[in-house]
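The structure under discussion appears below in the form of structure tokens.
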Amino acid sequence: MSVKTRFAPSPTGYLHVGGARTALYSWLHARANDGEFVLRIEDTDLERSTPEAVQAIMDGMKWLALEWDEGPIYQTHRFDRYKEVIQQLTGEQKAYPCFCSRERLDELRENQMNNKEKPRYDGKCRDLTAEQIDLSKDHVVRFKNPKEGVVTFKDVVKGEITIANKELDDLIIARTDGSPTYNFTVVVDDMDMGITQVIRGDDHINNTPRQINIFDALGYAAPEFGHVPMILGDDGKKLSKRHGAVSVMQYRDDGYLPEAVLNYLVRLGWSHGDQEVFSIAEMKSLFDINNINKAPSAFNTDKLKWLNQQYIKSTPIEKLMPHLQWHLDQQGVELSDGPEIADLVVEFSERAQTLNELVTVLKPYYQEFEAFDPKAAKKHLRPVARPVLELIKSKFAAVNDWQPESIQAAVDQTAAELDVGMGKVGMPLRVAATGAGMSPAIDLTLLWVGKERAIARIEKALDFISLRESQA
RNA sequence: GUUCCUAUAGUCUAGUGGCUAAGGACACUUGGCUUUCUACCAAGUUACUGGGGUUCGAAUCCCCAUAGGAACACCA
């Protein structure tokens with residue numbers, strides 16, 4: 001049977017890292033096995049589902065390039081089908097109407113809790129006689145769960161799991177208004193769509209035996225299940241709004257490349273020997289559902305940053321450019337009358353962990369900076385630097401052919417004439433020209449800043465030094 | 001409370017009974033390279049939760065404890 005997996009989020013919020021990883025694993029398993037990947041929207045909770053959330057989830061998947069082969073399939077469009085299956089089960093006495101009031105259920109639950117028992121339905125309506133059933137009265141439909149025996153399944157990540165049927169109760173499959181509930185719709189959908197592996201969060205483990213029983217009642221062989229553990233925050237605690245339970249789109253905004261995020265996520269809970277860096281193509285061919293780790297793992301932003309830098313360094317400029325352009329636009333950096341961006345990216349890519357940082361360090365070559373970096377200025381724009389900057393300024397003014405060689409020659413001559421080391425010339429010049437204490441080699445830096453701008457900035461630095469002297 | 005899941009360094013992980021005085025990566029420390037900051041190279045610190053078994057031999061199998069987590073809705 002050919003592989004078919006699905007990602008089935010409920011549209012109640014954005015796509016967060018946990019969901020993204022589950023989607024990634026499902027997608028990879030399909031791709032690794034020449035299978036299909038379906039996107040299914042579990043929107044049977046009419047109250048909490050929103051079209052905005054559906055859009056947000058699809059935006060997240062598109063940014064990550066987790067393309068689906070089928071869907072999105074909305075469960076709300078399949079109500080007729082669910083109704084049909086409920087009727088089938090009721091007709092076969094595998095499900096039954098239940099007339100218990102919410103009040104009775106609440107009371108029952110409370111009593112059980114007080115007696116330190118697991119709260120569950122007591123089966124009051126399970127064996128009602130035909131005369132006792134009046135379908136005109138408000139009722140839900142419950143699935144008749146087996147009372148005896150155990151449900152055992154081999155989870156592809158957790159191993160064999162067994163739960164006794166007596167721990168399970170007769171769950172509601174149709175609400176009073178006739179709408180179907182989650183544990184039922186997943187089963188019908190996974191059956192109808194021919195899903196072969198269900199990969200989902202391990203918070204669903206406890207639902208699985210119930211679902212298997214429904215598959216059994218339907219006479220359909222259940223798919224394989226793989227329950228992936230949750231992702232913890234940087235601090236090892238459960239992910240929450242405060243730390244990291246953010247939308248994957250936040251990672252775009254923060255300057256991460258989708259491939260880096262995917263690479264980070266695939267290694268978080270999965271491994272292939274000692275390999276750390278995986279291209280998308282490698283992931284697709286090497287991913288093995290059986291190597292998923294059983295234990296929850298903590299998100300580590302440092303490592304993501306490292307990976308992101310690896311990707312920034314190794315991604316060819318033409319592939320990197322669209323992403324970089326997006327961030328340049330965000331920060332309002334205009335490339336049109338500055339140096340060739342590709343030349344700079346080669347030099348700067350190893351100096352930035354995120355695209356945001358990259359834009360920040362690129363900026364001075366395309367527009368004026370507001371102020372000198374305080375720390376760098378304090379250290380290098382001191383009175384002793386004045387003669388250096390004055391001399392280099394005059395030498396620069398005399399350079400007609402603004403090229404690395406001529407720039408370097410001017411710098412070398414300045415150091416020689418003043419009999420100072422390179423450091424005494426290079427650093428003040430660097431800070432003056434770029435506003436910051438770090439940049440590529442001085443000749444390239446100045447080449448890209450441009451002759452006119454370099455001279456203007458040196459003057460600005462001299463003013464800065466004067467101002468500083470007057471304040472001392 | 002009941003049931004289920006989990007447990008190798010700060011973090012992600014390798015390890016599926018002997019090849020391991022536990023390997024890789026991030027982070028950290030030190031050194032090299034470097035006019036700066038990176039990157040890069042080299043070296044180093046740090047771990048099998050505890051206790052019982054099984055076995056000639058256990059990080060690896062079993063049990064208990066401990067600690068985390070999940071589920072127990074007319075949510076998904």
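By convention in this document, chain letters (A, B, ...) are assigned in the order of the sequence lines, proteins followed by strands, and residues within each chain are numbered from 1.
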key: Positive for salt bridge (Lys or Arg N to Asp or Glu O under 4.0 Å) with A:D170, one of A:K94, A:K124, A:R210, A:R126   = A:R126
Heavy atoms, side chains only, cut-off 4.5 Å: are [X] and [Y] in contact?
| X | Y | answer |
| --- | --- | --- |
| A:I172 | A:F184 | no |
| A:C100 | A:C125 | yes |
| A:L28 | A:L286 | no |

request  = Please measure how far the C1' atom in B:U46 lies from the corresponding atom in B:A22, and state the result in whole Å.
outcome  = 13 Å
key: P spacing across the pair B:A27 / B:U11, given as an integer number of angstrom   = 16 Å
request  = Using atom NZ of A:K305 as one end and atom P of B:U11 as the other, report the distance to the nearest whole Å.
outcome  = 19 Å
Atom-to-atom span, CD1 of A:I292 to P of B:U6 - whole angstrom = 14 Å
If only side-chain N and O atoms of [X] are considered, is one of them under 4.0 Å from the OP1 or OP2 phosphate oxygen of [N]?
| X | N | answer |
| --- | --- | --- |
| A:N300 | B:A25 | no |
| A:R48 | B:A76 | no |
| A:T44 | B:A76 | yes |

Among the candidates [options], find the nucleotide nearest to the side-chain atoms of [X].
| X | options | result |
| --- | --- | --- |
| A:A298 | B:U11, B:C26, B:A73 | B:U11 |
| A:I163 | B:C5, B:G10, B:U3 | B:U3 |
| A:R175 | B:A14, B:A73, B:C75 | B:C75 |
| A:I161 | B:C4, B:A76, B:U6 | B:C4 |
| A:D302 | B:A7, B:A76, B:A27 | B:A27 |

query = For every nucleotide of nucleotides 60-71 of chain B, 5' to 3': is a protein heavy atom under 4.0 Å from its base (B), only from its sugar-phosphate (S), or from neither (-)?
reply = ---------SBS
task = Any chance you could list the contact pattern along nucleotides 28-40 of chain B? Use B for base contacts, S for sugar-phosphate-only contacts and - for none, protein heavy atoms under 4.0 Å, 5' to 3'.
result = -------BBBBSS
When we call it a touch if two heavy atoms are under 4.0 Å apart, what does [X] touch: a base, just sugar-phosphate, or nothing?
| X | value |
| --- | --- |
| A:R109 | sugar-phosphate |
| A:G201 | nothing |
| A:T176 | base |

So what's [N] paired with, Watson-Crick or G-U wobble, going by both distances under 3.5 Å?
| N | value |
| --- | --- |
| B:C28 | B:G44 |
| B:A65 | B:U49 |
| B:A14 | none |
| B:A39 | none |
| B:U3 | B:A70 |
| B:A58 | none |

task = Mark yes when over 12 heavy atoms from residues, nucleotides or ligands other than A:R175 sit less than 6.0 Å from its CZ; otherwise mark no.
result = yes
ask   = Counting only heavy atoms not in A:E148, do more than 12 sit closer than 6.0 Å to its CD atom?
value = no
key: Among A:N356, A:T354, A:T360, the one residue meeting side chain to side chain donor-acceptor pair (under 3.5 Å) with A:H327   = A:N356
Cation-pi geometry met for A:K305 and A:Y264 (6.0 Å, 45°) = no
Are there any protein N/O atoms within less than 3.5 Å of an N/O atom in nucleotides 22-24 of chain B, and if so, which ones and at what distance?
{"from": "B:G23", "atom 1": "N2", "to": "A:D274", "atom 2": "OD1", "distance (Å)": "3.0"}
{"from": "B:G24", "atom 1": "N2", "to": "A:R267", "atom 2": "NH2", "distance (Å)": "3.2"}
{"from": "B:G24", "atom 1": "N2", "to": "A:E276", "atom 2": "OE2", "distance (Å)": "2.8"}

ask   = Taking the six-membered ring for Trp, are A:W270 and A:F278 ring centroids under 6.0 Å apart?
value = yes
query = Is the A:Y121-A:F143 ring centre distance short of 6.0 angstrom?
reply = no
task = Decide yes or no on salt bridge (charged side-chain N to carboxylate O under 4.0 Å, His left out) for A:D189 and A:R78, but give the supporting numbers first.
result = CA-CA 9 Å; A:D189 286 350; A:R78 290 175 42 80; 2.7 Å; yes
message = Out of the candidates A:L262, A:N263, A:I312, only one should pair with A:L307 under the side chain to side chain contact (heavy atoms under 4.5 Å, CB included) rule; please name it.
response = A:N263
ask   = Just checking, is any N or O donor in the side chain of A:N183 or A:Q211 under 3.5 Å from an acceptor N or O on the other one?
value = yes
